[in-house]
Amino acid sequence: MNICMSGLDYSLAPIALREQLSFTKNAVMDMDQAICAADGVRGAVLLSTCNRTELYLSLDDGVQADPGELLCRAAGLSYEPFAPAFLTRRGEDCARHLMAVACGLESQILGEDQILTQVKTAALLARQAGCGEAALETLFRLAAACGKSAKSGGRLTGVATSAAHRAVEAARERLGDLAGKRALVIGNGEMGRLAASLLVEAGCDTTVTLRSYHHGETVVPAGCAVVPYDDRFLAMEGMDLVLSATTSPHYTIYTQPFQAVKNPPSLLIDLAIPRDIQPETGDLPGVALLNVDDLGRAVVGADAKALARVEAVMDEHLERFRQWSIYRESLPALEELKAVLRVRIGAYLEEDMEPEETAELTIDKVVDLLAGGMTEGFTSDAISACAAKIRSHTRA
């Protein structure tokens, strides 16, 4: 299998580096197409999340490529500053890594909930961009199945498994009991809505910003007040906490207008990559600023038994991908074998033979020819296993 990937994540790349290679869904599709246009590239899937940016490639036979370099080139960036942070994996190492990612083993918040959806979305965007390819499609499908199976067996840890949950925990650690506290959530996407709902559950008086409102279409978390996005700085007055979680390429909170808030919040939480909150805002007196890396560091390790269970699930799905790859690589040889058998069997058939005679003779000759031609690995146990496999796939 000529597949490979390069990626940078929180373990080697700080936010300042990661956010330069963070992409919206539309940008991901553009990048997939640009990378697929490179010589020798059959397919490309770009996975871009808060924790990581990873490019998976399927290449022509004999082609060697550096996915990280291709990614930077497509993004119009110099590869040199990113090179030390990229990790490249090929073949089965690449496949196993994606399985681990889908299971949440590689996430900053161990076992996080969102990564499985993000893996599925990455494959879907590549397909919509015309960059889907059999090996990558199969790998991502099996990785998604692996992640789903792993999660169905229970959590890896006893702690929260999403950035939104960790954000609320961090707020409680900093502010104490959240009941009666006031919070502003900037962003009404999936992460923003989850964070707002969790804050409401914690007893927080929560307001969310909206860029626009369409009755019956805009989803506002239950129990939340709303304020226009353009009035966000006015809405911060008297707040205890502001949490921002958007996909905006620009800051939602700049330092200068924040300084103009007379009674500003003491805690700012930034769940976005690229960052929503200008970093210098965290240097202001009496203000604490937390980002996704700060939240992830509080997570403990996985339970040993839970980890062993997930590893077994990964081994199972990796073996499926390995068998699929072997079969796919064997297709030319199988076609050659079929052509040879057609010629050899045809020599034994007669025009006036009954259908039953033709079928019986064909089966006998095929088995005899295969037995004579396949000496290595041709054992009684292998034959019995083959018969059992065929029998299990025979319709009643």
Side-chain angles (χ1 to χ4, degrees), residues 15-16 19-20 22-28 48-50 114 162-164 167-168 170-171 174-175 178 180-292 294-295:
I15 285 182
E19 64 187 356
Q20 296 180 59
S22 180
F23 307 97
T24 64
K25 290 182 179 180
N26 287 338
V28 164
S48 180
T49 76
C50 290
Q114 284 76 31
S162 77
V168 174
R174 296 270 181 160
L175 302 175
L178 295 180
K181 296 292 195 300
R182 299 182 64 203
L184 175 67
V185 176
I186 301 175
N188 194 42
E190 180 181 355
M191 185 67 73
R193 289 196 299 270
L194 175 58
S197 296
L198 292 171
L199 287 168
V200 170
E201 289 179 14
C204 225
D205 181 3
T206 306
T207 301
V208 297
T209 66
L210 294 179
R211 289 185 180 271
S212 61
Y213 181 82
H214 301 283
H215 183 71
E217 297 179 15
T218 304
V219 178
V220 178
C224 292
V226 298
V227 64
Y229 173 79
D230 290 342
D231 294 339
R232 62 194 182 282
F233 287 102
L234 292 174
M236 290 179 199
E237 188 70 42
M239 291 288 180
D240 299 289
L241 159 70
V242 172
L243 183 150
S244 191
T246 78
T247 58
S248 171
H250 308 293
Y251 292 135
T252 59
I253 298 179
Y254 287 88
T255 303
Q256 187 172 351
F258 181 82
Q259 285 180 293
V261 179
K262 293 181 180 180
N263 187 18
S266 61
L267 178 61
L268 304 176
I269 299 181
D270 190 343
L271 295 185
I273 297 288
R275 284 172 286 185
D276 274 351
I277 302 176
Q278 189 172 1
E280 291 77 11
T281 311
D283 297 330
L284 297 175
V287 177
L289 171 60
L290 304 178
N291 58 44
V292 290
D294 299 321
L295 299 177

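Note that these values count all heavy atoms, side chains included, but never hydrogens, waters or copies made by symmetry.
- Here the closest non-hydrogen pair linking Arg232 and Leu184 is O-CD2, 3.6 Å.
- With hydrogens and angles ignored, the 3.5 Å screen pairs no side-chain donor or acceptor of Asn263 with any backbone N or O of Glu237.
- Heavy atoms from other residues, nucleotides or ligands lying under 6.0 Å from CD of Glu280 number more than 12.
- Interatomic distance, Ile277 CD1 to Leu289 CG, rounded to the nearest 0.5 Å: 5.5 Å.
- For the pair Asn188 (side chain) and Val220 (backbone), a donor-acceptor distance under 3.5 Å is absent.
- Annotation: the span from Asp270 atom CG to Ile15 atom CD1 amounts to 7.0 Å, rounded to 0.5 Å.
- Taking every heavy atom of both residues into account, Tyr251 and Pro279 meet most closely at OH-CD, 3.3 Å.
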Practice task
Run the numbers on Met191 and Leu243 for side chain to side chain contact (heavy atoms under 4.5 Å, CB included), then give the verdict.
Solution key: CA-CA 10 Å; Met191 185 67 73; Leu243 183 150; over 6 Å; no
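- Residues Phe233 and Ile253 are in side-chain contact: their nearest non-hydrogen atoms beyond the backbone lie under 4.5 Å apart.
- The two residues Ser48 and Ser22 come nearest to each other via the heavy atoms OG-CA, 3.7 Å.
- Here the side chains of Val287 and Gln259 are not in contact, with every heavy-atom distance at 4.5 Å or above.
- Atom CG of Asp240 sits about 9.0 Å away from atom CG of Leu178, to the nearest 0.5 Å.
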Problem - side chain to side chain donor-acceptor pair (under 3.5 Å) evaluation trace for Thr252 with Thr246 - result: CA-CA 8 Å; Thr252 59; Thr246 78; 5.4 Å; no
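- Of the listed residues (Val168, Leu295, Val185, Asp276), just one forms a side chain to side chain contact (heavy atoms under 4.5 Å, CB included) with Ile269, and that residue is Leu295.
- A distance of 11.0 Å separates CD in Glu19 from SG in Cys50, rounded to the nearest 0.5 Å.
- Using a 4.5 Å heavy-atom cutoff, the side chains of Leu241 and Arg174 are not in contact.
- For the pair Val200 and Cys224, the tightest heavy-atom approach, listed with the atom from each and the gap, is CG2-SG, 3.6 Å.
- Under a 3.5 Å cut-off, the side chain of Thr209 and the backbone N or O of Gly187 do form a donor-acceptor pair.
- Smallest separation of non-hydrogen atoms from Ala183 and Leu199: CB-CD1, 3.9 Å.
- Between Gln114 and Ala163, the shortest heavy-atom contact is OE1-N, 4.3 Å.
- In this structure, CD in Gln20 is found 11.5 Å from CD1 in Ile273, a value given to the nearest 0.5 Å.
- Rounded to the nearest 0.5 angstrom, Ser244 OG and Arg275 CZ are separated by 13.0 Å.
- Contact annotation: the side chain of Val242 never approaches that of Phe258 to less than 4.5 Å [non-hydrogen atoms, C-beta and beyond].
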